[in-house]
Amino acid sequence: MGFSKDFVWGAATSSYQIEGGVSGTGKGMHIWDVYTKEPGRVYGGHTGDTACDHYHRFREDVKIMKEIGLKAYRFSIDWSRVLPEGTGRVNEEGIQFYSDLIDALLENGIEPYITLYHWELPYELYKKGGWMNRDIAEWFGEYARLIGERFSDRVTHFFTLNEPQCFVGLGFLTGVHAPGLKCPLRDTFEMAHNALRAHGRAVQMLRQYVKQPLTIGYAPTSGIIYPASDRPEDVEAARQKYFSMQDDDSNWTWNVAWWSDPVLLGHYPEEGLVRYEKYLPRITEEDMRLISEPIDVYGQNIYNGRAFRMGADGRPEETDRAPGYAKLQ
């Protein structure tokens, strides 16, 4: 099976994982800047203060991208680098860095794809409640407007949120990512709802303040559930399992439907509304209209897969994967 002619070969990064350039650049603090300084949080006490030093070496990095034949580069913008307090004052040095990166990519025939949020919540906004504060939809909208105004003359591909399952679930439910909190389930559902509202507000602002038509997307994540065979009953078992809620409520964020149905269909999955009723915030029709602002691209970040078949009791059951790897004939 070959790839279509319009398939885009590229690579992707997130800002804190590669940029460095934390001090002396006008950048504000975000939750990972703080989290990684806490003893025992990260292996070996590592931080992103230097990382790959992409902030200073991006031209060299772009040269390597061209040499290996990349046609696209998806990178995230550090919200706190361009808006040190999350709103208000703009750090023009940070804007210039991303502007120069975009120019370098285009000069080398590489299409830039911007992700607005890959988990770098400005610390000043975190102190105001962060994702628990309904105002974050407007804060994120202000940020999206800035990025649209400054870069949409040269960039036409944007993603709003990257993997909300992770930044809500791992950051605030299990506590293994920044800011390292284990919050009540009720709080995490509030955060999830506000994150989706922020996504919708960013879509609105990008549409309103652009200099040319854009392709706007959203990029949640999941492990894949695939059928153990091509039997219809196994396909149905995989479908049921993939779009159901997580078995363990204490790890509820790791599912597909809760994060995708509101964006694509305009409503939360009925199974989840019933199951999680006691944890849910107030959800209004206005919220759902905002969350379901039309998008052009739906991205799914995929890291692993599990095989399921239909069990004798009519319920999906996991089965061992065959040796080797699955492939299309």
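When a residue number appears, it is its place in the shown sequence, counting from 1.
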message: Atom CD of residue position Glu285 - does it have more than 12 heavy atoms of other residues, nucleotides or ligands inside 6.0 Å?
response: no

task: Determine, for Glu236 against Arg239, whether the closest basic-nitrogen to carboxylate-oxygen distance falls under 4.0 angstrom.
output: yes

- request: List in chain and number order the residues that pass ring-ring contact (aromatic ring centres under 6.0 Å, His included) with His30, two or more places apart in sequence or in another chain; answer none if no residue qualifies.
  value: Tyr16

task: Taking the side chain as every heavy atom from C-beta outward, state whether Val90 and Leu83 have any pair of such atoms under 4.5 Å apart.
output: yes

Those residues that, when tested against Ser4, pass side-chain contact (heavy atoms from CB on, under 4.5 Å) (two or more places apart): Asp6, Phe7

- line: Residues passing the salt bridge (Lys or Arg N to Asp or Glu O under 4.0 Å) test with Asp49, sequence neighbours excluded, are Lys37

query: Are a donor atom and an acceptor atom from the side chains of Tyr268 and His193 found within less than 3.5 Å of each other?
result: yes

message: I need the single residue from Phe167, Phe243, Trp254, Trp252 that forms a ring-ring contact (aromatic ring centres under 6.0 Å, His included) with Trp259. Which is it?
response: Trp252

field: All side-chain hydrogen bond (donor to acceptor under 3.5 Å, both in side chains) counterparts of Glu293, not counting sequence neighbours
entry: Gln204

- request: Sorted by first residue and then second, give each salt bridge (Lys or Arg N to Asp or Glu O under 4.0 Å) pair with at least one member in residues 162-186; sequence neighbours left out.
  value: Arg186-Glu190

task: Check step by step if ring-ring contact (aromatic ring centres under 6.0 Å, His included) holds for Phe97 and Phe58.
output: CA-CA 9 Å; Phe97 162 67; Phe58 71 90; 5.7 Å; yes

Pairing residues for Tyr73 by the ring-ring contact (aromatic ring centres under 6.0 Å, His included) criterion, not counting sequence neighbours: Phe75

- line: By salt bridge (Lys or Arg N to Asp or Glu O under 4.0 Å), Asp249 pairs with (sequence neighbours left out) Arg275

message: Is the ring pair Tyr113/His157 parallel, tilted or perpendicular, if the boundaries are 30 and 60 degrees?
response: parallel

- line: Here the side chain to side chain donor-acceptor pair (under 3.5 Å) pairs for residues 207-219, sequence neighbours left out, are Arg145-Tyr209, Arg207-Asp296

- prompt: So, are Lys27 and Asp33 salt-bridged, with charged N and O less than 4.0 Å apart?
  reply: yes

message: Testing the basics here: between Leu105 and Pro112, what is the closest heavy-atom pair and its distance to 0.1 Å?
response: CD1-CB, 3.8 Å

field: Atom of Tyr35, atom of Val42 and distance for their closest heavy-atom approach
entry: CE2-CG2, 4.3 Å

- request: Tell me whether the guanidinium CZ or amine NZ of Arg150 lies under 6.0 angstrom from the six-membered ring centre of Tyr98 and within 45° of its axis.
  value: no

field: same_hphob_cluster(Phe159, Leu206) at 4.5 Å side-chain heavy-atom cutoff
entry: no

field: Whether Glu233 side chain and Arg309 backbone form a donor-acceptor pair below 3.5 Å
entry: no

task: Please report the shortest heavy-atom distance between Ser260 and Pro220, naming the atom on each side.
output: OG-CG, 4.2 Å

- line: Nearest heavy-atom contact between Thr253 and Gly169 is OG1-CA, 3.3 Å

- prompt: Is Arg81 close to Ser15 at the side-chain level, that is, under 4.5 Å between some pair of heavy atoms?
  reply: no

field: side-chain hydrogen bond (donor to acceptor under 3.5 Å, both in side chains) against Glu93, all qualifying residues, sequence neighbours excluded
entry: Tyr55

- request: Please identify each residue that fulfils salt bridge (Lys or Arg N to Asp or Glu O under 4.0 Å) with Glu60, with sequence neighbours left out.
  value: Arg57

query: Do Phe140 and Leu116 have side-chain heavy atoms sitting under 4.5 Å apart?
result: yes

message: Less than 4.5 Å apart, side chain to side chain, heavy atoms only: is that true for Asn194 and Asn133?
response: no

message: Can you classify the ring geometry of Phe189 versus Tyr279 as parallel (below 30°), tilted (30 to 60°) or perpendicular (above 60°)?
response: parallel

task: Indicate whether the side chain of Thr115 and that of Arg74 have a donor and an acceptor atom separated by less than 3.5 Å.
output: yes

- request: Compare every heavy atom of Gly20 with every heavy atom of Ala51, then report the nearest pair and how far apart it is.
  value: CB-N, 4.1 Å

- prompt: Taking side chain as C-beta onward, heavy atoms only, is Ser14 less than 4.5 Å from Asn162?
  reply: no

message: I'd like to know whether Leu173 forms a side chain to side chain contact (heavy atoms under 4.5 Å, CB included) with Val168, so could you lay out the CA-CA distance, the side-chain angles of the two residues, the decisive distance to 0.1 Å, and finally the verdict.
response: CA-CA 7 Å; Leu173 185 59; Val168 173; 6.0 Å; no

- prompt: For Glu124, which residues count as a salt bridge (Lys or Arg N to Asp or Glu O under 4.0 Å) partner, sequence neighbours excluded?
  reply: Lys127

task: Hey, could you give me each pair passing side chain to side chain donor-acceptor pair (under 3.5 Å) that has a residue in residues 103-112? Not counting sequence neighbours.
output: Asp103-Arg154

- prompt: Same hydrophobic cluster for Phe3 and Val8, using side-chain heavy-atom links shorter than 4.5 Å among ILVMFWY?
  reply: no

field: Same apolar cluster: Met205 and Trp79, side chain cutoff 4.5 Å
entry: no

